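Chain identifiers are assigned alphabetically (A, B, ...) following the order of the sequence lines, protein sequences preceding nucleic acid strands; residue numbering begins at 1 within each chain. Since we're looking at a predicted model, the values are computed, not measured.
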Number of protein chains: 2
Amino acid sequence: MTLSEEDYIKAIYHLGSGKEQPISTNAIAVQMETKPSSVTDMLKKLSGKNMVKYKKYKGVSLTEHGELTALSIIRKHRLWEVFLVDKLGFAWDEVHEVAEQLEHIKSDKLIDKLDTYLGNPRVDPHGDPIPSKEGEFKKSVKKLISELPLGSEGVCVGVNDSSAAFLKFLDKNGISLGDTLKILEKEDFDGSVSIEVNNKEMRISDQIASNLFLEVLEKN
Amino acid sequence: MTLSEEDYIKAIYHLGSGKEQPISTNAIAVQMETKPSSVTDMLKKLSGKNMVKYKKYKGVSLTEHGELTALSIIRKHRLWEVFLVDKLGFAWDEVHEVAEQLEHIKSDKLIDKLDTYLGNPRVDPHGDPIPSKEGEFKKSVKKLISELPLGSEGVCVGVNDSSAAFLKFLDKNGISLGDTLKILEKEDFDGSVSIEVNNKEMRISDQIASNLFLEVLEKN
DNA sequence: ACAAATATTTAGATTTGTCTAAATTTATAT
DNA sequence: ATATAAATTTAGACAAATCTAAATATTTGT
Ligand SMILES: [Mn+2]
Ligand SMILES: [Mn+2]
Ligand SMILES: [Mn+2]
Ligand SMILES: [Mn+2]
């Protein structure tokens, strides 16, 4: 697989291999920032390699083989993102471009050793799941802290209320997007929540809990 | 710069930009495992980018700009080699192929952070020097322990006497090729040498010292 | 000095991935 | 139901990197 083929496979996967309808040529062209005619050429090539099922004018979908290939590339991408953030100290929102290159490095041994070195992480710095070598993974969902049960653990990925005051509050309390957050306790009385972030425990009000999104792995 | 252009620049550098004679087309073809006609095409392209000085039939040499580019790629290659060995636990003789790919990743920030993370190493796992960001480095030479002065530090890179007995001795004493070795003391009387390897001190006979090669940085 | 050997370049193809412009198919709207 | 619009494919071109075969330049041996 060439670098370009790999990026197409990944794009098709992200455009929703989950869905039952095939992916359109134009959708892929938009995602890849290329022209539809280029996409058509590539789809023929990928079809010849049994990576996609392709019917002229009818769109495309990944084969079993194509999907496993996509998951293997996504695994590499996300493991490298963990490396960049956890080991090299990149910010969570700076890593994508570099991981986009690193994901194409060819070496099974490398990725095995990297996985071990990182402590077999289950999620990347954006809270997205890291597929296993066999292509298995739990889906992740983005939910407000207030909607999540006790014990949930996830990555802070966004705010509902993006007022200056709220962002300032988060900053003051040492909570940044990209941080991993765990829900320790929930108070029925006032909806306040005990959380752990950056090895610190703190209590946040219902107002805060209803405005901060976590990316968490779905149970089972 | 494309991946291929970078590999050519590096090949020309290694074929001896140090020398005063220009490098021949055929020499590059051998090094790159490609055909001389392909080399000619690439030399024209690199010449157009001011990376090399090229005269038809007269060979090629790197420009100042080309040499700095070569050193930057070599810096990346060797830093990644250190990462693979020190952090991921690759053996020193397994890293070249992967580093050959990793050296082409484009990100100044990445290589700066990697350098810091690795503790600004001066040499790679083969004892070869790692150029600074500015392209400065000390040359390295391969010498027998017996030829080196007190205080020398280098990487074990080879043996003079490759008899089974000698290799067995090294193995028994926990010395492997790729290990860093420091000369602590030299006994004039019998030529025996005190060394430190893998955080252990030991004394080796003149016979051993005269048969084990170290790759060391030249002083000044 | 000149023929033979060697090294290098040129000419013409090929593969990969891209593009534009034109043709064709599919969807939409009256 | 049919004309328009939108989506998709085809045709033909191009740049990058490679190759083979042929042409040309340089070196070497006598
Ligand atoms: Mn990519
Ligand atoms: Mn990610
Ligand atoms: Mn390389
Ligand atoms: Mn090396």
For [X] and [N], is the shortest distance between a side-chain N/O and OP1 or OP2 below 4.0 Å?
X     : N      : value
A:T40 : D:dT10 : no
B:Y8  : D:dT18 : yes
A:K44 : D:dT9  : no

*Heavy atoms of other groups near A:E134 CD, more than 12 under 6.0 Å*: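 Check passes, neighbour count above 12.
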Value in whole Å for how far the [atom2] atom of [N] lies from [atom1] of [X]:
X     : N      : atom1 : atom2 : answer
B:K58 : C:dT9  : NZ    : P     : 11 Å
A:E5  : C:dT18 : CD    : C1'   : 14 Å
B:M42 : D:dT18 : CE    : C1'   : 10 Å
B:E33 : D:dT18 : CD    : P     : 12 Å
A:Q21 : C:dA27 : CD    : P     : 13 Å
A:E6  : C:dT16 : CD    : P     : 15 Å
B:M32 : D:dT18 : CE    : C1'   : 11 Å
A:L43 : D:dT9  : CG    : P     : 7 Å

*asked:* List the residues meeting salt bridge (Lys or Arg N to Asp or Glu O under 4.0 Å) with A:D112, not counting sequence neighbours, and say none if there are none.
replied: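 Counting only residues at least two positions away or on another chain, A:D112 forms a salt bridge (Lys or Arg N to Asp or Glu O under 4.0 Å) with A:K133.
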If you check the [X] side chain, which of [options] turns out closest?
X     : options                : answer
A:N26 : C:dT10, D:dT8, D:dT18  : D:dT8
A:T2  : C:dT8, C:dT16, D:dT8   : C:dT16
A:S37 : D:dT18, D:dA11, C:dT18 : D:dA11
A:Y54 : D:dC19, C:dT9, D:dT9   : D:dT9
B:T25 : C:dC19, D:dT9, C:dT8   : C:dT8
A:K35 : C:dA7, C:dC19, D:dC19  : C:dC19

*asked:* Regarding B:S38, tell me which of base, sugar-phosphate or nothing describes its non-hydrogen contacts under 4.0 Å with the strands shown.
replied: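 Base contact - B:S38 has a heavy atom under 4.0 Å of at least one base atom.
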*Kindly confirm or rule out a cation-pi arrangement of B:K87 over A:F83, judged by NZ or CZ under 6.0 Å from the six-membered ring centre and within 45° of its axis?*
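The answer is no; the distance or angle limit is not met.
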_Return whichever of A:Y57 or A:D41 has its heavy-atom-nearest nucleotide of DNA chain C closer to the 5' end._
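Taking each residue's closest nucleotide, the earlier one in sequence belongs to A:D41.
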*With under 30° as parallel and over 60° as perpendicular, where do the rings of B:W80 and A:W80 fit, or are they tilted in between?*
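Geometry flag for A:W80 against B:W80: perpendicular rings.
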*Are A:K76 and A:E81 close enough for a salt bridge, meaning some N to O gap below 4.0 Å?*
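No, no charged N to carboxylate O under 4.0 Å.
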